[in-house]
Novice: 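For reference, the structure I am asking about is given below.
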Amino acid sequence: RQHIGKIKTGCIEFNEMMGGGIESQSITEIYGEFGSGKTQVAHQLAVNVQLSAEQGGLDGSVIIIDTENTFRPDRIQQMVEGKANELGIELDYEEFLKNIHVARAFNSNHQILLVDSAMDLANELKDSDKPVRLLIVDSLTAHFRAEYIGRGTLADRQQKLNKHLHGLQRFANLNNAAVLVTNQVMSKPDAFFGDPTKPIGGHILGHTATFRLYIRKSKGDKRIVKLVDSPNLPEGEAVLSVTRDGIVD
Ligand code: GTP
Ligand code: MG
């Protein structure tokens with residue numbers, strides 16, 4: 001068994017709550033409402049994983065399975081510039097963009113297949129200077145939610161999501177990589193979608209994702225992240241800010 005790596009988030013409180021950072025060999029789920037900051041956290045980790053261990057990273061590259069077309073290269077540039085200022089060093093954002101491999105998933109079947117492609121790419125890069133140390137699925141659940149509507153299909157949806165998550169856990173183990181998945185929830189019950197105030201995947205996701213984080217808006221650029229499930233860490237809350245520089249204290 002390989003040494004577990006940790007990717008720093010950019011926020012000290014958040015790191016401490018996570019026992020140092022987002023762990024390799026595990027799935028971390030971040031769920032929250034529209035605009036709560038899930039994609040921002042994903043972008044920040046895509047930058048930070050590339051940093052050296054002393055700088056809070058894993059010297060790795062990242063694969064993003066983007067299901068909603070929300071990956072923004074210009075946002076990566078801002079975050080790299082923020083990190084360069086913070087560390088007092090020069091960083092080339094184009095180098096960072098080269099180490100972010102983005103694949104768009106057009107539907108849930110395609111999304112599941114992309115994990116196999118991710119595995120192939122990770123094997124190719126295994127002995128390079130930037131092995132894949134992070135796989136992001138943003139959003140894990142959007143396609144599943146859109147494609148499986150109505151009670152009759154819930155069991156099918158759960159089964160497919162479960163299979164997908166097993167593929168992701170396998171990726172995490174075989175590559176000593178962190179896996180981050182996002183999951184949108186709504187604040188109010190909605191008759192059409194069943195109970196969207198609960199993250200979809202519910203029970204099964206709860207048992208597969210090793211770490212579960214709930215993120216919500218607070219005042220201004222502040223966000224509150226709550227660790228609601230972990231194998232070894234106490235529940236806790238952390239306050240972070242989403243600024244031009246990215247995720248900060
Ligand atoms: P859904 O995908 O819709 O469920 O939302 P999400 O949780 O992924 O939200 P996202 O991470 O996209 O957060 C959007 C929020 O992040 C915005 O409302 C802003 O508050 C903040 N944000 C996004 N981009 C920037 C930026 O370039 N600069 C700053 N300062 N804040 C940003
Ligand atoms: Mg998002």
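For ligands, and for the atoms within them, numbers begin at 1 and follow the listed sequence.
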Novice: Please list every donor-acceptor pair under 3.5 Å in which a side-chain atom of residues 170-179 meets a protein atom from a residue at least two apart or in another chain.
Specialist:
residue, atom, partner, partner atom, Å
Asn173, OD1, Gln169, NE2, 3.0
Asn173, ND2, Gln169, O, 3.4
Asn175, ND2, Phe171, O, 3.0
Asn176, OD1, Ser24, OG, 2.7
Asn176, OD1, Gln25, NE2, 2.8
Asn176, ND2, His3, O, 3.0

Novice: Any heavy-atom pair between the side chains of Ile65 and Ile136 that's under 4.5 Å?
Specialist: no

Novice: Any idea which protein heavy atom is nearest atom 25 (C) of ligand 1, and the distance to it?
Specialist: Arg75 NE, 3.6 Å

Novice: Could you identify the single nearest non-hydrogen protein atom to atom 12 (O) of ligand 1 and state the distance to 0.1 Å?
Specialist: Thr39 CB, 3.8 Å

Novice: May I ask you to list the atoms of ligand 1 that are less than 4.0 angstrom from any heavy atom of Gln184?
Specialist: 1 (P), 3 (O), 4 (O)

Novice: Tell me if a side-chain donor or acceptor on Thr67 pairs with a main-chain N or O of Ser139 at a distance below 3.5 Å.
Specialist: yes

Novice: Consider ligand 1: state whether an atom of it lies below 4.0 angstrom from any non-hydrogen atom of Lys222.
Specialist: no

Novice: Hey, what do you get for CG (Leu240) to CG (Asp249), rounding to the nearest 0.5 Å?
Specialist: 9.0 Å

Novice: Take the Mg ion (ligand 2) and tell me which protein N, O or S atoms are nearer than 2.8 Å.
Specialist: Thr39 OG1

Novice: Examine distances only and state if a side-chain atom of Ser241 and a backbone atom of Thr243 form a donor-acceptor pair shorter than 3.5 Å.
Specialist: no

Novice: One residue to check: Thr243. Relative to ligand 1, which of side chain, backbone, both or neither has a non-hydrogen atom less than 4.0 Å away?
Specialist: backbone

Novice: Side-chain contact test, heavy atoms from C-beta onward, threshold under 4.5 Å: evaluate it for Gln44 versus Lys83 and give yes or no.
Specialist: yes

Novice: So which protein heavy atom does atom 23 (C) of ligand 1 come closest to, and at what separation?
Specialist: Gln40 NE2, 3.2 Å

Novice: May I ask you to check if ligand 1 and Lys217 share an N or O to N or O distance below 3.5 Å?
Specialist: no

Novice: Okay, side chain of Arg223, backbone of Val242: is any donor-acceptor separation there less than 3.5 Å?
Specialist: no

Novice: What is the closest protein heavy atom to atom 20 (O) of ligand 1, and at what distance does it sit?
Specialist: Arg223 NH2, 3.0 Å

Novice: Could you state the interatomic distance from OG1 (Thr153) to OH (Tyr148), rounded to the nearest 0.5 Å?
Specialist: 8.0 Å

Novice: Looking at Glu147 and Ser108, would you say the former's side chain and the latter's main chain have a donor-acceptor pair under 3.5 Å?
Specialist: yes

Novice: Short list, please: which atoms of ligand 1 are under 4.0 Å from a heavy atom of Arg244?
Specialist: 30 (N)

Novice: With respect to Gly35, determine whether any N or O atom, backbone or side chain, lies less than 3.5 Å from an N or O atom of ligand 1.
Specialist: yes

Novice: Taking only heavy atoms of Gly37, which atoms of ligand 1 are found under 4.0 Å from at least one of them?
Specialist: 6 (P), 7 (O), 9 (O), 10 (P), 11 (O), 13 (O)

Novice: Establish, yes or no, whether a centroid distance under 6.0 Å links the rings of Phe71 and His43.
Specialist: yes

Novice: Where on His43 is there a heavy atom closer than 4.0 Å to ligand 1, on the side chain, on the backbone, on both, or on neither?
Specialist: neither

Novice: Of all the non-hydrogen atoms in the protein, which one sits nearest to atom 3 (O) of ligand 1, and at what distance?
Specialist: Phe34 CD1, 3.1 Å

Novice: Between Lys38 and Gly32 (side chain of the first, backbone of the second, donor and acceptor by atom type, cut-off under 3.5 Å), is there such a pair?
Specialist: yes

Novice: Around atom 31 (N) of ligand 1, find the nearest protein heavy atom and jot down its residue, atom name and distance.
Specialist: Val242 CG1, 3.8 Å

Novice: Evaluate whether atom CZ of Arg104 has more than 12 neighbouring non-hydrogen atoms of other residues, nucleotides or ligands under 6.0 angstrom away.
Specialist: yes

Novice: Relative to the heavy atoms of Gln78, which atoms of ligand 1 are at a distance of less than 4.0 Å?
Specialist: 27 (O)

Novice: Taking Asp59 first and then Arg133, would you say they form a salt bridge - that is, a charged N and a carboxylate O separated by under 4.0 Å?
Specialist: no

